[in-house]
Amino acid sequence: MPRLLLVDDDRFILRSLEKLLAAEGYYCQTAVTAEEARRALDGDPFDLVLLDVGLPDQDGFSLCRQIRARHRMPIL
C-alpha cells in the first residue's frame with residue numbers, strides 16, 4: 001500500500017484528501033504544521049509528500065528544501 005504524507009494547515013482539506021485517497025488504496029498520514037511533518041518523516045518512509053506552501057510555522061518552500069536534503073521521495 002503506497003504511503004502518502006499530506007501536509008496542510010486546513011483540516012477540512014486534509015480530511016477530504018485522506019478520505020478520497022484511502023478509498024483508492026493509499027495509506028495517508030497527515031500533518032498540519034512543518035514540525036509535525038518533520039516528525040512524521042522521521043518514521044517509516046513515505047512514497048510521496050503532498051505539501052501546501054502556506055503553513056503556520058514555516059513556509060512550504062523551506063520545508064520542501066529541508067525534506068529534499070534528507071529524502072528522495074517525490075514532493076508535490
Identify each donor-acceptor pair in which a side-chain atom of residues 5-24 lies under 3.5 Å from a protein atom, sequence neighbours left out, and give them as a table.
residue	atom	partner	partner atom	Å
Asp8	OD1	Asp10	N	2.8
Asp10	OD1	Phe12	N	3.0
Asp10	OD1	Ile13	N	3.2
Ser16	OG	Phe12	O	2.9

Residue pair Leu76 / Leu51, side-chain heavy-atom distance below 4.5 Å: no
For the backbone of Leu48 and the side chain of Arg3, can you confirm whether one donor and one acceptor N or O come within less than 3.5 Å of each other? no
Taking the side chain as C-beta and beyond, is there a heavy-atom pair between Leu41 and Val49 under 4.5 Å? yes
In Å and rounded to the nearest 0.5 Å, what is the OH to CG distance from Tyr27 to Asp44? 8.0 Å
Name the one of Leu55, Asp57, Leu63 that satisfies side chain to side chain contact (heavy atoms under 4.5 Å, CB included) with Glu35? Asp57
Might you point out which heavy atoms bring Pro2 and Gly25 nearest each other, and give the distance in Å? CD-O, 3.8 Å
Pair Gln58-Thr33, side-chain contact (heavy atoms from CB on, under 4.5 Å): steps then yes or no: CA-CA 8 Å; Gln58 181 179 4; Thr33 66; over 6 Å; no
What closest approach, in Å, do Ala31 and Ala37 show between heavy atoms, and which atom pair accounts for it? CB-N, 3.5 Å
Contacts of Arg72 meeting side chain to side chain donor-acceptor pair (under 3.5 Å) (sequence neighbours excluded), chain-then-number -> none
Is any side-chain heavy atom of Tyr26 closer than 4.5 Å to one of Met1? no
